[in-house]
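Computed from a prediction, not measured in an experiment: that's the story for all the values here. Lettering follows sequence order; numbering is per chain, from 1.
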Amino acid sequence: MPQEKDTLIRDERYNAHQVEEKWAERWQADASLYAAERNSTKPKYYVLEMLPYPSGALHMGHVRNYSIGDALARYMWMNGYNVLHPMGWDSFGLPAENAAIANQTPPREWTLRNIANMKTQMKRLGFAYDWSREVTTCLPDYYRWNQWFFLKLYQRGLAYRKKSKVNWCPKCATVLANEQVLSNGCCWRHEDTLVQQRELEQWFVRTTKYADELLRDLDRLPGWPEKVRTMQRNWIGRSEGTLVEFKLYSAGGDVITVFTTRVDTIFGATSVQLAPEHPVTQKLAAGDPELSAKVAQLIAEQVQAKESDKIGEIEKHGVNTGHFAINPYNGEKVPVWVANYILMDYGTGAIMSVPAHDERDYEFAKKYGIPIKQVIVPTDVGRTFLSDNAGSEAKMSDKNVRPTHGDELPFTTLDGKLTDSGEFTGLSCEDAIEKMSAYAEQKGFGKATVTFRLKDWGISRQRYWGTPIPMVYCDKDGVVPVAEKDLPVILPDKVEITLTGGSPLLRVPEFLNTTCPKCGGPARRETDTMDTFVDSSWYFYRYTNAHNDEAPFDSAIAQYWFGDKGIDQYIGGVEHAILHLIYSRFWTKFMRDMGLLKNDEPVERLFTQGMVIKDGRKMSKNLGNVVSPDEMVARFGADAARMYSLFASPPDRDLDWQDTGIEGIRRFLARVYAFFVEGPPVQSGTYKPEYAVNDLTPRAKGILRKLHQTIGKITEDFKGRWHFNTSVAALMELLNACNAEQEIFALHGDAPAPLAFRADVQRKLVLLLAPFAPYLAHELWEMLGEKSNLFKAPWPKYDAELAKEEEIQIPVQVNGKLRSVIVVAPGTAEPEVIERALADPKVQSFVAGKQIVKKIYTGKLVNIVVR
RNA sequence: GCCGGGAUGGCGAAAUUGGCAGACGCAGCGGACUUAAAAUCCGCAGGGCCCAAAAGGCCUGUGGGGGUUCGAUUCCCCCUCCCGGCACCA
């Protein structure tokens, strides 16, 4: 009757809830459980997941993110590393103010309540964080260091104030950084609200000072996804070119400086084009009502195009100012136009127009009948000329080179030589760019230059819930920084929050009115607060030394954890590929230059996980397809939720959440549990591996082989590609293999293996399970009688000998098509394998009567080629 | 337009170095257990064709077309579509 017994025991269900609650309670009781060690002799490993905004509750994206990080942290602990695995809260920001307006709850209260709730969720999910290092950015013990850094930036000229056009979101009632404006001109938080332009005095951080280094060091980040590096390269947008001054011919000596990447084409410039908002445009229009009206029209068009996301698509057109400018290279008078496709915020807002060698200029010139003058000829034409005439390059002159015809224009590549370009004629484009830039500098009308798309970082926000900018305005002394000893400038608590009328702090007299740090006279505080991206630019340094009240962190401790390359592994969503990660890189370089750090970069290896989607679409409340982690934990357990988020898809790809899928994982976990519960209790805690591999039956050896193959597979996944979906699949295969050989593990079977064998297999299975399903793993570990803490138990060693197959299957192809499979012992010599393959009856039937052309054996497969 | 990433059964996916395509799981189908259902366990399963059926056999198949190779999901060329980033960037 053993079968009956089996069935009975197997029906005993794994009560995930009971088990998980039990362990959650135990883990909470020990605050030091996941603490990083001080003065450890172990190698350090800093694994970090991006800190969440405390919006109220975790979503599935968080669960996925943290499941990846937690599995890695646990794996590293088990491999003997001193692991730093902290968590915190990016807790300043607008939603708290919106919530305050909506439910009459102060932002602070709302935020702290959300944090408490999300922390409970994280603990219930079993994430192994060192909570003693928790960082909450909205608390003064953190944001005071934002203020401190601001003062340091200010001292170094890296923070400055300027009146500037800012992006203003009417719904947020605040200024947005360029990075927070979507490509359709809308606010990143209000995707249907157009961002407007306003002039305000703003604080800026000089990120452009590091533009070159930020770009260059991208090449030193091989541990980052290529995609992210590319996005940052695009964002920084470095462009080498030349500034050239065109003097206005008519009006009083005004100069138009154009930026061009193709100064080699300047002899073909047949007009100068100004942005409608260019100062010279404004000046020329000032005395010319007709022109003024047309320019206004062009500006309106640009604004409209930007707003409707049609920039780049609007028809190019412009207006001739009637004025002329002088090309300093050849003294030619060229007309000055104003055009709707010239942008004021790139380069100098003015270009030289070379229709023959630029698509847009060509289009524009065709439309308005502006002359098209070719000054570059393709190199192969030049070569033809050279070989035909056997002449030297120096001799080549405009007469001898036949310009290509108009219908081949515009010719825009650099594979050409100059013609009709005075003393530069005959040079290659690349040579010409260099020589002509040098010429401009020598003659004093221009120079080689580099422009960036990257702009300085505007950090002022007319909002309440952020770090107060520690500056004071005094009628006598002007702009005065708050003294370091007076930090933090505390954000007041009882503030009326509205979305209009500028910063809410303006209406708090006890905050606003202060004394000047210099003269002691009456003064006003800056009422703007900092962009929350300031908070997240350096928070991961604070984790290393979270309770330091004399400095943002201790340099020596930070250097221990960051080494010279930064965080060992950073994990988060690709949506932070640009903003957060560029600001963080900037901040690190700034702190390095302050002498606080040795590392040039904050993050050595970056992993960007895919999104969690449902029914093929991003989860959103509007679509009603949101999956709640709480519900998943309640229905399937935390282990199942975590493991499914790793199993359903490779971590870097999007994951389509399916409730039936997580159900499958729950079943798997229940089967694992059943595998341990049934049969005789084995106390592996007291077991010694007292079984000889050679005494095992072939089938037991098969299990052992599978076990070691699984160890090898999962270890490889952690070291390499992080395809945890296949790690979990391997665990399933291992369990399936064990279940297929039940009698080996059962006392009542025909040929039970030694109990020590069973204990060995089960013990290692638990170790392999631990990073993915910590609750069940801990429970089983205890059931096995283990006394040590599982989370630092040594990761099982892979034994290649034990993993090796005793016999291997060799597929046999005839003409590349699979016809049979033969079984041979490993190491069988090629002639024998081929002989055996040819002897196979199925192979015979395909080979008979044909001529064997080739016999291939690769060690894995045989292919017989016949004719 | 430029840059990056993709496309494999009904679905999520696997195949890490050019070597048995579809591991593992979901859904499905058949069976066991049950009064029944659920749960659980066992089994089948890319598509098409041959065969009364089964066993078995044959052909075909990784977005499309070509190439290299004994052999291509994998390498090369061309094309289509999807996702993401940048973009009148001078």
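- A/P225 comes within contact range of no nucleotide atom at all, as no heavy-atom separation falls under 4.0 Å.
- Taking atom P on both nucleotides, B/C26 is separated from B/G43 by 14 Å, rounded to a whole Å.
- Nucleic acid contact class of A/N736 (heavy atoms, under 4.0 Å, all strands): sugar-phosphate only.
- B/U80 and B/G63: their C1' atoms are spaced 8 Å apart (whole Å).
- Contact of the A/Y341 side chain with the A/H317 side chain is not registered, since no non-hydrogen atoms from C-beta on lie closer than 4.5 Å.
- B/A7 and B/U73 are spaced 14 Å apart, taking the P atom of each and rounding to whole Å.
- No hydrogens or angles considered: a donor-acceptor pair under 3.5 Å links the side chains of A/T242 and A/S437.
- The stretch residues 714-723 of chain A participates, sequence neighbours left out, in these salt bridge (Lys or Arg N to Asp or Glu O under 4.0 Å) pairs: A/K713-A/D717.
- Between the side chain of A/K719 and the base of B/U16, no donor-acceptor pair of N or O atoms lies under 3.5 Å.
- Atom pair A/E226:CD and B/G5:C1' shows a separation of 11 Å (rounding to whole Å applied).
- Proximity of A/N725 to the phosphate of B/A14: a side-chain N or O atom is located under 4.0 Å from OP1 or OP2.
- For the residue pair A/T230/A/Q232, the side-chain donor-acceptor check at 3.5 Å is not satisfied.
- On the P atoms, B/C75 is 15 Å away from B/C20, given to the nearest whole Å.
- A/K855 comes within 4.0 angstrom of nothing in the nucleic acid, heavy atoms only.
- Closest approach to the A/M732 side chain among B/C24, B/A14, B/A90 is made by B/C24 (side chain taken as heavy atoms from C-beta onward).
- At B/A15, one or more side-chain N or O atoms of A/R721 fall inside 4.0 Å of OP1 or OP2 (strictly under the cut-off).
- Look at B/G9: its glycosidic torsion is within 90° of 0, and that puts it in the syn range.
- One C1' atom belongs to B/C86, the other to B/C70, and the distance between them is 46 Å to the nearest Å.
- The side chain of A/P811 approaches B/C20 more closely than any other nucleotide in the set B/G4, B/C20, B/C26.
- Nearest to the side-chain atoms of A/D717 among the listed nucleotides B/U16, B/A90, B/U40 stands B/U16.
- Here the P atom of nucleotide B/C86 and the CZ atom of A/R229 are 18 Å apart, to the nearest Å.
- Close to B/A13, at under 4.0 Å from its OP1 or OP2, lies a side-chain N or O of A/S649.
- Close to B/C26, at under 4.0 Å from its OP1 or OP2, lies a side-chain N or O of A/R667.
- Checked for salt-bridge contact, A/D840 and A/K842 miss the test: no charged N lies under 4.0 Å from a carboxylate O.
- The neighbour count for A/E226 CD, taken as heavy atoms of other residues, nucleotides or ligands under 6.0 Å away, is above 12.
- Only one option out of A/F718, A/Y644, A/Y75, A/F668 pairs with A/F772 in a ring pair (Phe, Tyr, Trp, His ring centres under 6.0 Å); it is A/F718.
- The 5' end of RNA chain B is approached more closely, in terms of each residue's nearest nucleotide, by A/T726 than by the other of A/S239 and A/T726.
- Checking the phosphate oxygens (OP1, OP2) of B/C89, a side-chain nitrogen or oxygen of A/R360 falls inside 4.0 Å.
- By the 4.0 Å N-to-carboxylate-O rule, A/E363 lies too far from A/K367 to be salt-bridged with it.
- The nearest whole Å value for the distance from the CG atom in A/D656 to the C1' atom in B/C11 is 9 Å.
- Listed nucleotides: B/C20, B/A90, B/G19. Nearest to the side chain of A/K860: B/G19.
- Along RNA chain B, the nucleotide nearest to A/L655 and the one nearest to A/K713 differ in position, and the one closer to the 5' end is contacted by A/L655.
- By the 30° and 60° cut-offs, the orientation of the rings of A/W457 relative to A/Y583 is parallel.
- Phosphate proximity of B/A14 to A/R653: present, with a side-chain N or O under 4.0 Å from OP1 or OP2.
- Counting heavy-atom neighbours within 6.0 Å of A/E240 CD, excluding the residue itself, gives a total of 12 or less.
- For the pair A/I662 CD1 and B/C11 C1', the computed distance is 17 Å after rounding to whole Å.
- In the set B/A14, B/G25, B/G57, B/G57 carries the atom at the smallest distance from any side-chain atom of A/K842.
- For the C1' atoms, the distance from B/C77 to B/G56 is 42 Å, rounded to whole Å.
- Picking from B/C86, B/G12, B/C41 the nucleotide with the shortest atom distance to the side chain of A/R671 gives B/C41.
- Regarding A/N340, its CG atom lies at a distance of 18 Å from the P atom of B/A90, rounded to whole Å.
- Comparing B/A27, B/A90, B/G25 by their closest approach to the side chain of A/Y346 singles out B/A90.
- With respect to A/R233 and A/D219, a salt bridge is recorded, a charged nitrogen being found less than 4.0 Å from a carboxylate O.
- Within the 4.0 Å cut-off from OP1 or OP2 of B/C59, at least one side-chain nitrogen or oxygen of A/R819 is found.
- Within the 4.0 angstrom heavy-atom criterion, only backbone atoms of the sugar-phosphate kind lie near A/F846; the bases stay farther away.
- Comparing atom distances between the A/Q658 side chain and each of B/A90, B/G12, B/C20 picks out B/G12 as nearest.
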Original post:
Dot-bracket for RNA chain B, 5' to 3', counting Watson-Crick or G-U wobble pairs under 3.5 Å, with [ ] for crossing pairs and | for inter-strand pairs?
Top reply: (((((((..(((......[....))).(((((.......))))).(((((.....)))))..(((((..]....))))))))))))....
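- Nearest to the side chain of A/I578, among B/C20, B/G85, B/G25, sits B/G85.
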Subject >> Pair A/R262-A/D264, salt bridge (Lys or Arg N to Asp or Glu O under 4.0 Å): steps then yes or no >> reply: CA-CA 5 Å; A/R262 291 297 304 273; A/D264 55 313; 2.9 Å; yes
Subject >> Protein-to-nucleotide contact annotation, 5' to 3' order, nucleotides 65-76 of chain B [B base; S sugar-phosphate only; - none; under 4.0 Å, heavy atom] >> reply: -----BS-----
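- In this structure, the nucleotide among B/C3, B/C20, B/C88 sitting nearest to the side chain of A/Y341 is B/C88.
- A distance of about 22 Å separates the C1' atoms of B/A39 and B/C24, rounded to the whole Å.
- Classification of the A/W337-A/Y368 ring pair by plane angle, with boundaries at 30° and 60°, yields tilted.
- Nucleotides B/A15 and B/G30, compared at atom C1', are 30 Å apart to the nearest Å.
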